[in-house]
Amino acid sequence: MATKTWHVLELLEWTTAYFEKHNIPNPRLDAEVLLGHLLEKSRLQLYLHFDMPVFQNDLDVFREMIKKRIARTPISYLTNHKEFMSLNFYVDERVLIPRPETEFIVETILKADADTSQSILEIGTGSGIIATSLAVNKPEWDIIATDICKDALAVAEINRDAHDCSERITFLHGDLFDPIKQLESTRRYNWVVSNPPYVMTNDYASLSPDVCNYEPHIALFAGEDGLSIIRALIAEAPNYLQPEGKLIFEIGDTQTEPVKALFQEQSAYKKYQFIKDYAGKDRVVLASLE
Ligand SMILES: C[S@@+](CC[C@H](N)C(=O)[O-])C[C@H]1O[C@@H](n2cnc3c(N)ncnc32)[C@H](O)[C@@H]1O
């Protein structure tokens, strides 16, 4: 008996129903993104090719992708892709998947200092999205970015090089500001930037399985109160900033009050403000030494 030939539309419908049965959020979207990735077509192109047959070798690969998605592997790790600031980035299990909220950090910096050349120090660069999107938008800026995780820096280098920014971004390995202390120079920066880990250890159980079973825990968790890295950033950044320098970092949506308390302990900052995300929650903190 001849084996069945699958076409794009029925494969999408079958996969959507299967994802629904397994409680995968956004089942149709996930089916389209995975099939589009496999067939190297955009979602729009899939719609224009609903009748296109999908052959056995592709079906075999697709079946494996479906199994992994049912096991809650995040879509971005299956496609090795995430868009950020309208740029394409490579991602895999070595790095946190970039979140749209983090774009507020990049947009705030770009808006604040549109015309003057800036020096940037990023702590915890992960996939390198913040450093790379700043460098793409501002080729004359000088950027140093660090991470405690060597594997993450390997991904950051892939992204930096893919966007032709290798001349403009230096990656350094180490804990917080340690790699900067080890540099010979006593240079000070216009900006210290970070999207640090900020999840409380006890919140582990409340995270979705896509997050807690797959994303690197070093990128998520920051001690019992979720503030261990933020506390160090607020305390140490003034030592690396120019007199008019600024610290900008992302926070969790329940961290406004504890972060205010940390700033009140630090006389170096003259002002700070919270910037809200798309859901209207405090998400980014911008603090200034002048
Ligand atoms: C939330 S992820 C952010 C990654 C990326 N900047 C982004 O926005 O998608 C935090 C990053 O900080 C790094 N990190 C965690 N603890 C660190 C530390 N003590 N010093 C430097 N980097 C650290 C992690 O390895 C991870 O790559």
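As the structure lists them, so they are numbered: ligands from 1, and atoms in each ligand from 1.
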Participant: Give the numbers and elements of all ligand 1 atoms closer than 4.0 Å to a heavy atom of Leu96.
Facilitator: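 So the atoms of ligand 1 that pass are 1 (C), 9 (O).
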Participant: I'd like to know if Tyr189 and Leu176 are part of one continuous hydrophobic network [Ile/Leu/Val/Met/Phe/Trp/Tyr, side-chain heavy atoms within less than 4.5 Å].
Facilitator: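 Leu176 clusters together with Tyr189.
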Participant: When you measure from atom 10 (C) of ligand 1 to every protein heavy atom, which one gives the shortest distance, and what is it?
Facilitator: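 The closest one turns out to be Asn195 O, 3.4 Å.
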Participant: Could you tell me whether Glu215 and Arg72 have a side-chain N and a carboxylate O separated by less than 4.0 Å?
Facilitator: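 No.
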Participant: With atoms numbered from 1 as shown, which atoms in ligand 1 lie under 4.0 angstrom from a non-hydrogen atom of Gly174?
Facilitator: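 In order of number, 20 (N), 21 (C).
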Participant: Is Asp147 close to ligand 1, meaning an N/O of one under 3.5 Å from an N/O of the other?
Facilitator: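 Such a contact does occur with ligand 1.
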Participant: Walk me through whether Gln255 and Ile230 qualify under side chain to side chain contact (heavy atoms under 4.5 Å, CB included).
Facilitator: CA-CA 10 Å; Gln255 290 176 326; Ile230 288 175; 3.9 Å; yes
Participant: Has ligand 1 got any nitrogen or oxygen that is less than 3.5 angstrom from a nitrogen or oxygen of Leu176?
Facilitator: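 For ligand 1, there is an N or O atom that lies under 3.5 Å from one belonging to Leu176.
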Participant: What residue and atom, counting heavy atoms only, is the protein's closest point to atom 1 (C) of ligand 1, and at what distance?
Facilitator: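 The closest heavy atom on the protein side is Ala219 O, 3.0 Å.
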Participant: Please report which non-hydrogen protein atom sits nearest to atom 15 (C) of ligand 1, along with the residue it belongs to and the distance in Å to one decimal place.
Facilitator: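 For atom 15 (C) of ligand 1, the nearest protein heavy atom comes out as Ile218 O, 3.3 Å.
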Participant: Below 4.0 Å from ligand 1: does a non-hydrogen atom of Ala232 turn up there or not?
Facilitator: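 No, Ala232 has no heavy atom closer than 4.0 Å to ligand 1.
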Participant: Between Glu10 and Lys4, does at least one N-O distance fall below 4.0 Å, as a salt bridge requires?
Facilitator: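 Looking at Glu10 and Lys4, the cut-off is met.
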Participant: With a 4.0 Å cut-off on N to O distance, would you call Arg69 and Asp210 a salt bridge?
Facilitator: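 Yes, Arg69 and Asp210 are salt-bridged.
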Participant: Looking at ligand 1, would Glu122 count as a contact under a 4.0 Å heavy-atom criterion?
Facilitator: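 Yes, Glu122 has heavy atoms under 4.0 Å from ligand 1.
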Participant: Using a strict 4.0 Å threshold on nitrogen-to-oxygen distance, state whether Arg28 and Glu32 make a salt bridge.
Facilitator: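 Glu32 and Arg28: salt-bridged.
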Participant: Taking Arg188 first and then Glu244, would you say they form a salt bridge - that is, a charged N and a carboxylate O separated by under 4.0 Å?
Facilitator: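 Salt bridge: no.
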Participant: Would Ser127 and Asn159 count as having a side-chain donor-acceptor pair, cut-off 3.5 Å?
Facilitator: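 Per modelled atom types, Ser127 and Asn159 side chains form no pair under 3.5 Å.
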Participant: Any salt bridge between Arg94 and Asp151, counting N to O under 4.0 Å?
Facilitator: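 A salt bridge is absent here (no side-chain N lies under 4.0 Å from a carboxylate O).
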Participant: Considering heavy atoms of the protein only, find what lies nearest to atom 19 (N) of ligand 1 and give residue, atom and distance to 0.1 Å.
Facilitator: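 Checked against all protein heavy atoms, atom 19 (N) of ligand 1 sits closest to Asp175 OD1, 2.7 Å.
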Participant: In terms of atom number and element, which parts of ligand 1 are under 4.0 angstrom from non-hydrogen atoms of Ile229?
Facilitator: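 Under 4.0 Å from Ile229, ligand 1 has these atoms: 16 (N), 19 (N).
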Participant: Find out if a path of hydrophobic residues (ILVMFWY) with successive side-chain heavy-atom gaps under 4.5 Å connects Val33 to Ile97.
Facilitator: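 No, it is not one cluster - the side chains of Val33 and Ile97 are not joined through contacts under 4.5 Å.
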Participant: Which residue owns the protein heavy atom closest to atom 9 (O) of ligand 1, what's the atom, and how far is it?
Facilitator: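 Looking at atom 9 (O) of ligand 1, the protein heavy atom closest to it is Ile129 CD1, 3.5 Å.
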Participant: Give me the nearest non-hydrogen protein atom to atom 11 (C) of ligand 1 as residue plus atom name, then the distance to 0.1 Å.
Facilitator: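 The closest heavy atom on the protein side is Gly124 O, 3.5 Å.
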Participant: Just need the protein heavy atom nearest to atom 22 (N) of ligand 1, so name the residue and atom and give the distance.
Facilitator: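 Residue, atom and distance for the closest contact: Ile148 N, 3.2 Å.
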Participant: Using a 4.0 Å cutoff against the non-hydrogen atoms of Cys149, which atoms of ligand 1 qualify?
Facilitator: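 Those qualifying, in numeric order: 25 (O).
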Participant: Measure the distance from atom 5 (C) of ligand 1 to every protein heavy atom, then report the residue, atom name and distance (to 0.1 Å) of the closest one.
Facilitator: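 Scanning the protein heavy atoms, the shortest distance from atom 5 (C) of ligand 1 goes to Thr125 O, 3.3 Å.
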Participant: Are any of the side-chain nitrogens in Asp142 or Arg168 under 4.0 Å away from the carboxylate oxygens of its partner?
Facilitator: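 Here Asp142 does not pair with Arg168 in a salt bridge, since their nearest N and O are not under 4.0 Å apart.
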Participant: With heavy atoms under 4.0 Å as the rule, classify the contact between Pro196 and ligand 1 as side chain, backbone, both or neither.
Facilitator: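 For Pro196, the contact with ligand 1 is made by the backbone alone.
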Participant: Mark up the atoms of ligand 1 that fall under 4.0 Å of a heavy atom belonging to Thr102, in ascending order.
Facilitator: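 Close to Thr102: 8 (O).
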